[in-house]
Amino acid sequence: AIRDVLQNHLLQVTSLLAMEAPSDADARSLHNAKLAVFRAMQPIDPRHVVRGQFDGYRGIDGVAADSSVETFVALRLCIDNDRWRGVPFQIRAGKELPITATEMLVDMKPAPRIFDEVGTPESNYFRFRLNPEVVIAEGARVKRPGDGMRGQRVELIARHRPVREKLPYERLLGDAMRGDASLFVSDDCVEAAWSVVDKALHHEEAVRPYEPGTWGPPEAAGIAGAEGWHDPGPEASSPC
C-alpha cells in the first residue's frame, strides 16, 4: 500500500491539490509546480503511520504465511510552505474496504456562528471524486425552512460525470503518442516522492489486522484526530 498506492498514486493526487497555479499550461510548468510541493513535503514520521492487513490475506495463494506486507495504510502528511504550513493532510488507502473510490475532501475552517446549532456545527468543505466517476461538490450549511435560525447541511454538485470517455490507460497511451507529458511524472518528482515515504518504509511495528468490509484497523482513527475520517459513499447524485 505504501510503495504502490501511496507513493505512486496518492502523493501525485496530493501534489495536484496542493500546488500553486503553474506558470503556463505546458507539461514542464505543471511538473515544476508539482515538484515544488514534493520538495516542501516533510518526510513522513513513522509515528504518524498505521499499517494494516486484512484478515485472510495470508491465506491467499502465493502469499507467505508470515507476510508483513500492508494492505492498508493511514497517515498524516505535512507540507512546509507558506500556504499549507500547519495544515494536516490525512491519507488513507487499502484493499477490502467497504467501497472502491478515490475521493478528496478539503475541510474548511469553521465559519462564524450564524445558526442556532445543537452540538458542534459541521464545517463547509469541497469534495473532489476522481474515481469511479468524476464529481466536484461543495458542502455548506443553509437555513432550514421555518421559524428560527436552524441550519442544515446541503451539498451542491458543481459537476457530475458518471461515465468516463476513456479508460485511464487509453488516455495515457494517446498522450504518449501525441508527445503530451502532462500526466506523466518527471524523474525529479519520482525521487522527491520516494524521499517523502522512505522513513515510513522502515517500520518496526507489525501490521494491524482488520476485517474485510471495514475501514481498516481501529488504530487508524488516531491518525485523523477528533474530526475523524471522511468515509466516501456510493455516488447517488444526478448529472448537472
Side-chain angles (χ1 to χ4, degrees), residues 5 9-10 13-21 37 48 50 52 72-79 81-165 210-240:
V5 180
H9 297 288
L10 296 185
V13 173
T14 303
S15 69
L16 289 169
L17 175 67
M19 72 180 186
E20 300 295 329
V37 175
H48 298 156
V50 171
F72 172 95
V73 63
L75 60 91
R76 187 182 309 127
L77 176 69
C78 298
I79 299 177
N81 61 19
D82 290 342
R83 183 180 296 279
W84 300 114
R85 188 173 295 113
V87 177
F89 285 75
Q90 294 158 186
I91 301 175
R92 179 178 60 169
K95 293 182 178 294
E96 296 292 334
L97 302 186
I99 189 172
T100 299
T102 303
E103 191 161 285
M104 296 180 290
L105 193 79
V106 182
D107 203 13
M108 311 301 288
K109 292 181 178 179
R113 180 168 174 168
I114 299 175
F115 303 112
D116 297 325
E117 304 284 358
V118 176
T120 304
E122 297 170 331
S123 64
N124 300 335
Y125 63 86
F126 290 100
R127 182 171 66 91
F128 303 94
R129 192 182 184 102
L130 308 182
N131 186 57
E133 64 267 90
V134 178
V135 178
I136 302 174
E138 177 185 2
R141 293 185 69 77
V142 299
K143 183 182 180 301
R144 183 178 299 172
D147 296 334
M149 288 295 291
R150 304 282 297 190
Q152 67 180 17
R153 175 181 174 181
V154 298
E155 185 173 81
L156 310 175
I157 305 295
R159 182 71 178 273
H160 181 269
R161 297 183 65 183
V163 179
R164 289 183 178 273
E165 296 176 359
Y210 66 97
E211 289 293 326
T214 67
W215 287 106
E219 293 83 358
I223 298 293
E227 296 80 8
W229 290 99
H230 163 66
D231 296 337
E235 195 62 48
S237 304
S238 0
C240 314

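When reading the values below, keep in mind they use all heavy atoms of this one structure, side chains included, and skip hydrogens, waters and symmetry mates.
Taking the salt bridge (Lys or Arg N to Asp or Glu O under 4.0 Å) definition, one finds that E138 meets it with nothing, sequence neighbours left out. Residues forming a side chain to side chain donor-acceptor pair (under 3.5 Å) with H48 (at least two apart in sequence, or on another chain): none. Take W215 and apply the ring-ring contact (aromatic ring centres under 6.0 Å, His included) test, not counting sequence neighbours, and it matches no residue. Qualifying side chain to side chain donor-acceptor pair (under 3.5 Å) partners for N81, counting only residues two or more places apart in sequence or in other chains: none. Looking at residues two or more places apart in sequence or on another chain, you find a side-chain contact (heavy atoms from CB on, under 4.5 Å) between A224 and Q90, W229. Listed by chain and residue number, V5, L10 satisfy the side-chain contact (heavy atoms from CB on, under 4.5 Å) test with A93 (two or more places apart in sequence, or in another chain). Take V106 and apply the side-chain contact (heavy atoms from CB on, under 4.5 Å) test, not counting sequence neighbours, and it matches L17, M108, F126, F128.
Rounded to the nearest 0.5 angstrom, E133 CD and T102 OG1 are separated by 10.5 Å. Rounded to the nearest 0.5 Å, atoms OG1 (T14) and CD1 (I91) are 3.5 Å apart. Considering CG of N124 and NZ of K109, their distance stands at 14.0 Å, rounded to 0.5 Å. How far CG of L130 is from CD1 of I136: 9.0 Å, rounded to the nearest 0.5 Å. In this structure, CD on E155 lies 3.5 Å from OH on Y125, to the nearest 0.5 angstrom. Summarising the geometry, atom CD belonging to E103 is positioned 10.5 Å from atom CG belonging to N131; distances are rounded to the nearest 0.5 Å.
Taking the side chain as every heavy atom from C-beta outward, V87 and I79 never approach each other to under 4.5 Å. Between P132 and T100, the closest side-chain pair of non-hydrogen atoms is not below 4.5 Å.
Heavy-atom minimum distance, P98 versus G213: CG-O, 3.2 Å. Closest approach of A101 and R129 over heavy atoms only: CB-NH2, 3.5 Å. Between I157 and A137, the shortest heavy-atom contact is CD1-CB, 3.7 Å. Considering all non-hydrogen atoms of both residues, P145 and Q152 come closest at CD-NE2, 4.3 Å. Taking every heavy atom of both residues into account, G52 and P217 meet most closely at CA-CG, 4.1 Å. A pairwise comparison of heavy atoms in L105 and R127 identifies CD1-CB, 3.9 Å as the closest pair.
Listed by first and then second residue, the salt bridge (Lys or Arg N to Asp or Glu O under 4.0 Å) pairs that reach into residues 82-94 are E20-R83, D80-R85, D82-R85, R92-D231, sequence neighbours excluded. Residue pairs meeting the ring pair (Phe, Tyr, Trp, His ring centres under 6.0 Å) criterion with at least one member in residues 89-109, sequence neighbours excluded: W84-F89.
None of I223, V73, L75 except one satisfies the side-chain contact (heavy atoms from CB on, under 4.5 Å) rule with V50; the exception is I223.
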